[in-house]
Protein chains: 2
Amino acid sequence: MQFDKTQLAAMERFYRGNLVNSITGLKPVHLLGSQNTSGITNLAIFSQVIHIGADPALIGVLFRPAMLGMNSLENILATKHFTLNHVNESMLLQAHWTSAKWQESEFKAVGLGEDWKDGFPAPFVAGAPLQIGLSLAEKHDFSINGTCLVIGKIEKIYLPDLALSPDGFVNMEKCGSMACGGLDSYYRPELVSRYAYAKPGSQPEKF
Amino acid sequence: MQFDKTQLAAMERFYRGNLVNSITGLKPVHLLGSQNTSGITNLAIFSQVIHIGADPALIGVLFRPAMLGMNSLENILATKHFTLNHVNESMLLQAHWTSAKWQESEFKAVGLGEDWKDGFPAPFVAGAPLQIGLSLAEKHDFSINGTCLVIGKIEKIYLPDLALSPDGFVNMEKCGSMACGGLDSYYRPELVSRYAYAKPGSQPEKF
């Protein structure tokens, strides 16, 4: 099957949304926790999350064009802090359900607990297999479609001991973290292989 | 286990690289195909690839700070076109090996075939389960760490019929596309569930 840009432009909207959101491949699933200046919390599911750099340690989150009710973005700009929380298989339904248009905090609405700790000014998700606390570093607006990329600096990382390798690698299968595809689909990852640093002349070894 | 920003800043470089590259979670694996103005091809593995929008259909690729030998970026800026190709399990070793510092085209060096078709001015990867042809739309420089995000507009999509659902969703397990974790690890995805569009009041159904 093949499609070109003319067919893409003419496609029924939901079909195109499913197709184009699928073809970037496997994506992470994060629950983004924040609060507004009155202390009302917000929790939202994101898959457009990207590693930006290790030193300084930075992660980017893409936001759709600003609209009323985009509380996560408003909260980050107001409080300068947010959390990213991995999603395990037992939390999938609740994580997906945060995307409904709730009037109340999504934590309470879907039944996920707030985890406040170490004085960090945004809520982590209780029971999430891996939790990251971030401060706002930069925001870049993309005029081409009105999206923006929020870049956060990593302040805190909490992860399960059993998933951490001696060289710093974190195994997503041992962590229990799920992957996402398209707009509504979730995958269980199975680690197949790690490969050594690649050099010309000899095939990289598995380890 | 937990780490804070002070520990991150003081970490041994490779440990920090493995850790921070792991915690963004599951990532896609793409082989980026390009050519220079003399027709010399280049193939490079990327996991920092992000959906930017469906209409227009846009994908972003993050590049590390510009340095000599960053042929993919130079080629895209010169020729305005590139391809993204999913990686299946039988191509993993070759895909990883493209990251070595080759003097010749990585296609020939690692043994992957060039797939030229429909007049598209950049090489696809022969046998890749899903292939995307893109034209350069925008480039955003991130001063915080010298990276840049290249945003490409989707011109062509080739995918296997059996992976395409009637609603436009593409199943990565049926496609055979792998996920990546950290800098050197690859995962096989198993589809667990799709959930209906989420609304308040009733739990989203699986389908």
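Order of the sequence lines sets the chain letters (A, B, ...), proteins ahead of strands, with each chain counted from 1.
- A/Lys199 NZ: 12 or fewer foreign heavy atoms inside a 6.0 Å radius.
- Residues of residues 26-34 of chain B lying within less than 4.5 angstrom of chain A, judged on heavy atoms, are B/Leu26, B/Lys27, B/Pro28, B/His30 in numerical order.
- Heavy atoms of B/Asp118 lying under 4.5 Å from chain A belong exclusively to its side chain.
- For A/Leu8, the part lying under 4.5 angstrom from a heavy atom of chain B is the side chain only.
- Heavy-atom pairs under 4.5 Å with chain A peak, among B/Arg194, B/His51, B/Lys5, at B/His51.
- Per-residue counts of heavy-atom pairs under 4.5 Å with chain B were compared for A/Val170, A/Val49, A/Asp161; the largest is that of A/Val170.
- Counting heavy-atom pairs under 4.5 Å between each of A/Glu155, A/Lys156, A/Arg13 and chain B puts A/Glu155 at the top.
- Within the 4.5 Å cutoff, no side-chain heavy atoms of A/Ile144 are placed close to those of B/Lys153.
- Of all the heavy atoms in A/Ser22 and B/Phe169, the pair that sits closest is OG-CD1, 3.4 Å.
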(request) Would you please test B/Thr147 and A/Leu58 for side-chain contact (heavy atoms from CB on, under 4.5 Å) and show each step? (result) CA-CA 11 Å; B/Thr147 55; A/Leu58 303 169; over 6 Å; no

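- Considering CG of B/Asp167 and CG of A/Asp184, their distance stands at 7.0 Å, rounded to 0.5 Å.
- Here the CG atom belonging to B/Leu19 is positioned 7.5 Å from the CD1 atom belonging to A/Ile154, to the nearest 0.5 angstrom.
- Contacts between A/Phe14 and chain B at a heavy-atom distance below 4.5 Å involve the backbone alone (N, CA, C, O).
- Only the side chain of B/Glu89 comes within less than 4.5 Å of a heavy atom in chain A; its backbone stays farther off.
- Within the 4.5 angstrom heavy-atom criterion, only side-chain atoms of B/Leu164, from C-beta onward, approach chain A.
- In this structure, chain A has no heavy atom under 4.5 Å from any part of B/Leu183.
- Heavy-atom pairs under 4.5 Å with chain B were tallied for A/Gly182, A/Pro204, A/Gly25; the largest tally goes to A/Pro204.
- Ranking A/Leu149, A/Asn21, A/Leu62 against chain B, the residue ahead of the rest is A/Asn21, based on heavy-atom pairs under 4.5 Å.
- Other residues, nucleotides and ligands contribute at most 12 non-hydrogen atoms within 6.0 Å of the CD atom of B/Glu205.
- Applying the side-chain contact (heavy atoms from CB on, under 4.5 Å) criterion to A/Ser193, with sequence neighbours excluded, gives A/Tyr195, A/Lys206, B/Leu92, B/Tyr186.
- When heavy atoms are compared at a cutoff of 4.5 Å, B/Glu138 approaches chain A solely by way of its side chain, counted from C-beta outward.
- When all heavy atoms are compared, the tightest approach of A/Ser202 to B/Trp97 is O-NE1, 3.3 Å.
- Contact annotation for B/Asn145: only side-chain heavy atoms (C-beta onward) come within less than 4.5 Å of a heavy atom of chain A.
- Using a distance-only test at 3.5 Å, with no hydrogens or angles considered, no donor-acceptor pair links the side chain of A/Tyr187 to the main chain of B/Ala179.
- Interface remark: B/Leu93 contributes backbone and side-chain atoms alike to the contact with chain A (heavy atom separation under 4.5 Å).
- Between B/Ala54 and A/Gly17, the closest heavy-atom pair is CB-CA, 4.2 Å.
- Counting non-hydrogen atoms of other residues, nucleotides and ligands closer than 6.0 Å to NZ of A/Lys108 gives a total of 12 or fewer.
- By number of non-hydrogen pairs under 4.5 angstrom with chain B, the leading residue of A/Ser185, A/Ala9, A/Gly201 is A/Ser185.
- The line from CD1 of B/Ile23 to CG of A/Leu84 is 9.0 Å long, rounded to the nearest 0.5 Å.
- Contact annotation for A/Ile132: only side-chain heavy atoms (C-beta onward) come within less than 4.5 Å of a heavy atom of chain B.
- The aromatic rings of B/Phe142 and A/Phe142 lie parallel to each other, with less than 30° between the two planes, well short of the 60° mark.
- Atom CG of A/Leu130 sits about 10.0 Å away from atom OG1 of B/Thr24, to the nearest 0.5 Å.
- Other residues, nucleotides and ligands place no more than 12 heavy atoms under 6.0 Å from the CD atom of A/Gln103.
- Only the side chain of B/His86 comes within contact range of chain A, with at least one heavy atom under 4.5 Å from a heavy atom of that chain.
- A side-chain donor-acceptor contact under 3.5 Å links A/His96 to the backbone of B/Ala196.
- No other option in B/Leu191, B/Asn171, B/Asp4 has as many heavy-atom pairs under 4.5 Å with chain A as B/Leu191.
- Proximity to chain B (any heavy atom under 4.5 Å) is shown, for A/Met178, by both the backbone and the side chain.
- Residue contact with chain B, scored on non-hydrogen atoms closer than 4.5 Å, involves the side chain of A/Ile151 exclusively.
- When A/Ile157, A/Val20, A/Thr6 are compared by the number of non-hydrogen pairs under 4.5 Å with chain B, A/Ile157 comes out ahead.
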